[in-house]
Protein chains: 2
Amino acid sequence: MKGISIKDIAKQAGVSPTTVSFVLNGKAKEKRISDQVSKKILKIANKLKYKPNQLARGLRTGKTKTLGLIVEDIANNFFANVAKVVEDEADKHGYKVLFGSTEDNTEKAHGLLEVLKYRQVDGYIITPTKNMEKEIELLKMVRKPVVLMDRYLPNVDSHYVVVDNYQGAYAATTHLIEQGYQKIAIITTTSDQVQMKQRMDGFMAAFKKHGLPYNKNVVKRLPFEMDRVGHTQEITKYLKASKVDAVFFATNYLGIYGIESIRSLGLRIGADVGMVCFDDHDLFRLHSPSITCVSQPIEEIGRQIVNVLMKELNHASSTSQQLVLQPTLEVRQSTMKEVEPVA
Amino acid sequence: MKGISIKDIAKQAGVSPTTVSFVLNGKAKEKRISDQVSKKILKIANKLKYKPNQLARGLRTGKTKTLGLIVEDIANNFFANVAKVVEDEADKHGYKVLFGSTEDNTEKAHGLLEVLKYRQVDGYIITPTKNMEKEIELLKMVRKPVVLMDRYLPNVDSHYVVVDNYQGAYAATTHLIEQGYQKIAIITTTSDQVQMKQRMDGFMAAFKKHGLPYNKNVVKRLPFEMDRVGHTQEITKYLKASKVDAVFFATNYLGIYGIESIRSLGLRIGADVGMVCFDDHDLFRLHSPSITCVSQPIEEIGRQIVNVLMKELNHASSTSQQLVLQPTLEVRQSTMKEVEPVA
DNA sequence: ATAAAACGCTCAATCGATTTAGCCCTGTGT
DNA sequence: ACACAGGGCTAAATCGATTGAGCGTTTTAT
């Protein structure tokens, strides 16, 4: 079941494999191959539908034309959407994508990197977990392009594409305040990764700016590993105990659990408890009442990630490309104290 | 930045690369390598953290330990969730996954297959588009294991893992009828692929069984390529014109568009228009009113897909493994004519 | 005692493409 | 007439692992 190889073409054209390789790699001019021979080879290659064996090529050149995509959770709406854009864009450049989910677990992330490394992927797109500084540095050492996404590592100088988490959270919180909510809380993860920290900071900044009393009770942190039931129970418990009148959920899945929790308490979203969530979702758009959220420009995130990576793959730059894209606040019904008629 | 190769180990152990290869591939006994040498090699390999170069190995053996996953849309909730399970399971067997979305477009699917082919993936997981019969047959010819998912091709004898679309649709429709809805419609895709056809058939069978008048007006078909706006407009138009009192949406994204449409008409889901959707979604669970749906056993689908594929990769069987898993009807508020108090 | 088998390991070819070094030929300059 | 410079192409090494054939030594069988 062998495919067409460079030898087959060489044989048919009556030339050496070397010549075929030169021509097929566009080095005909540089290597002074005559036009006649070039054309003949091209024609035959076309006729035979020759496709270079990527393994052989990779073995020789060290380039596999493969990217590694390590996300937190490929089943999550945000990451799945980014993955799609990434795959699409990469494809345009002739790259394929290997993927894996970390579940925000350092061990899993480590395992994924390990595998991708000895699969010799050319570049990495990584949603880093904590304690990944060393591994990222290591990749830099071996000159493998890396683009971090969704978050970055403050102590590592690397390329990254993220959104302005601070501004997003600040705008969301300010919006809640301006809508007249008084006792506002933030529900976030236990993780102290930069994107979460920035969302916290944006939240707090809005608090300060408007002179709201800030204390540790306004923050509820929940571990990523906890399951759905655990999350909703914890959120429900917290909401019942703390008597807040609005909540900022720091990620999309927390927002989803949050909706469940608020409703299980018999409270009306918007009227009784305002809510904003970081990251959009079909669910937020269509929920009644619809959920105000900080929407990330997914298309652009994906495009830029690949963009940066391709630039690096072609000619490594000395300075890190660090893109901070602006999210948009999608104002919906969950932040209206007066209940709007359901559309 | 070369990695550790078999040669390095050979040198350190004072043996030939051949011997190292034998030992590392568990052929020590078979190839009569002494225990001392075996152990020494193993120890050195461990110390050096040797990982075989998959490219070289693949070039020689033709096995890449890579699977190709071709889905309709990786950003779709269902496929993203299956992808996650697949990646996880494949990983357990030492396989990595390359993925791509077809958008249900034959050309795109063809392109993906082409790429995966000359990337020499060992096995394929495919959500086939129409007119893929030839390509699947071709893969069979070259003895590449293929498992179809979500749907299969009636004219091709292949492995597949799907759900019982007929039963799912039958149960959903019967449920609508039993809830007292009279003018029931189905909104589906223009595609005549088997999963859609079976959902249609299940729908119609329930109609017949209960003596409901069936005519072509109860069916509305929409093309996959249409965008959100187009979909909602068309659905809205149809609902307004046809005066149905319940709708069965044949896929999750149609259901999502359907919710938008029904609401834009100012109708109450459940009370004014009952609805059921094939395939579950967070949105359906949390929507008010919550949406009754036919839920697919995603975990098991993913596990079985990999399961079947691994069996084939180890020893090709002569008969096709064709798994039809049972979906479950999740009864929720969207099929209650009396409006329940929103929880 | 001697051929045959068992041991324990290695040589070298192979997978398919890339790439360095270099061969032979023709034409130009002197 | 002779060196030298391209022009046009190829041989062979290389990437790292696998594998069929085989080589020298010792043990077993007859």
**Prompt:** Starting at CG of L59(A) and ending at P of dA17(D), how long is that distance when rounded to a whole Å?
**Reply:** 9 Å
For nucleotides 7-11 of chain C, print each protein N/O atom paired with a nucleotide N/O atom at under 3.5 Å, atom names and distance only.
from: dG8(C); atom 1: N7; to: R32(B); atom 2: NE; distance (Å): 3.4
from: dG8(C); atom 1: N7; to: R32(B); atom 2: NH2; distance (Å): 3.1
from: dG8(C); atom 1: O6; to: R32(B); atom 2: NH2; distance (Å): 3.3
from: dC9(C); atom 1: OP1; to: S34(B); atom 2: OG; distance (Å): 3.2
from: dC9(C); atom 1: OP2; to: S34(B); atom 2: N; distance (Å): 2.5
from: dC9(C); atom 1: OP2; to: S34(B); atom 2: OG; distance (Å): 3.2
from: dT10(C); atom 1: OP1; to: S16(B); atom 2: N; distance (Å): 3.3
from: dT10(C); atom 1: OP2; to: S16(B); atom 2: N; distance (Å): 2.9
from: dT10(C); atom 1: OP2; to: S16(B); atom 2: OG; distance (Å): 3.1
from: dT10(C); atom 1: OP2; to: T19(B); atom 2: OG1; distance (Å): 2.3
from: dC11(C); atom 1: N4; to: T18(B); atom 2: OG1; distance (Å): 2.6

**Request:** Would you kindly give the CD-to-C1' distance between E30(A) and dG6(D), to the nearest whole Å?
**Result:** 16 Å
**Asked** Given atom CG of L24(B) and atom C1' of dT19(D), what is their separation to the nearest angstrom?
**Response** 15 Å
**Length of the line joining I9(B):CD1 and dT18(D):C1', which is rounded to integer Å** = 14 Å
**Asked** R119(B) CZ to dG16(C) C1': how many Å, rounded?
**Response** 15 Å
**Asked** Has the side chain of R57(B) got a donor or acceptor atom sitting under 3.5 Å from an opposite partner on the base of dT18(D)?
**Response** no
**Request:** Mind checking ring-ring contact (aromatic ring centres under 6.0 Å, His included) for Y95(B) and listing every partner two or more places apart, or none if nothing turns up?
**Result:** none
**Item:** Flag, side chain of D122(B) to backbone of K63(B), donor-acceptor distance under 3.5 Å
**Value:** no
**Message:** Check this one for me: any side-chain N or O of N25(A) less than 4.0 Å away from OP1 or OP2 of dT18(C)?
**Reply:** yes
**Request:** Classify the nucleic acid contact of K27(B) as base, sugar-phosphate or nothing, counting any heavy atom under 4.0 Å across all strands shown.
**Result:** sugar-phosphate
**Request:** Answer with base, sugar-phosphate or nothing: what part of the nucleic acid does S21(A) contact at a heavy-atom distance below 4.0 Å?
**Result:** base
**Prompt:** Can you find a side chain N or O atom of N53(B) that sits less than 4.0 Å from OP1 or OP2 on dC15(D)?
**Reply:** no
**Request:** Indicate yes or no: does K108(A) engage D88(B) in a salt bridge with an N to O separation below 4.0 Å.
**Result:** yes
**Request:** For K40(A), look at atom NZ and say whether over 12 heavy atoms of other residues, nucleotides or ligands are found less than 6.0 Å away.
**Result:** no
**Request:** Return the minimal non-hydrogen interatomic distance between E89(B) and H93(B), and the atom names on each side.
**Result:** O-ND1, 3.1 Å
**Message:** Without decimals, in angstroms, what is the distance between K65(A) NZ and dT18(C) P?
**Reply:** 11 Å
**Message:** What is the separation between atom NZ on K63(B) and atom P on dA17(D), rounded to the nearest whole Å?
**Reply:** 19 Å
**Message:** If I take atom NZ in residue K7(A) and atom P in nucleotide dT18(C), what distance separates them, rounded to the nearest angstrom?
**Reply:** 14 Å
**Asked** Has S5(A) got a side-chain N or O lying under 4.0 Å from the OP1 or OP2 atom of dA17(C)?
**Response** yes
**Prompt:** Think Y50(A) has a side-chain N or O under 4.0 angstrom from the OP1 or OP2 of dG16(C)?
**Reply:** no
**Message:** For the backbone of N77(B) and the side chain of N81(B), can you confirm whether one donor and one acceptor N or O come within less than 3.5 Å of each other?
**Reply:** yes
**Message:** With a 3.5 Å distance limit and no angle check, can you tell me whether T64(A) reaches the backbone of Q120(A) through a side-chain donor-acceptor pair?
**Reply:** yes
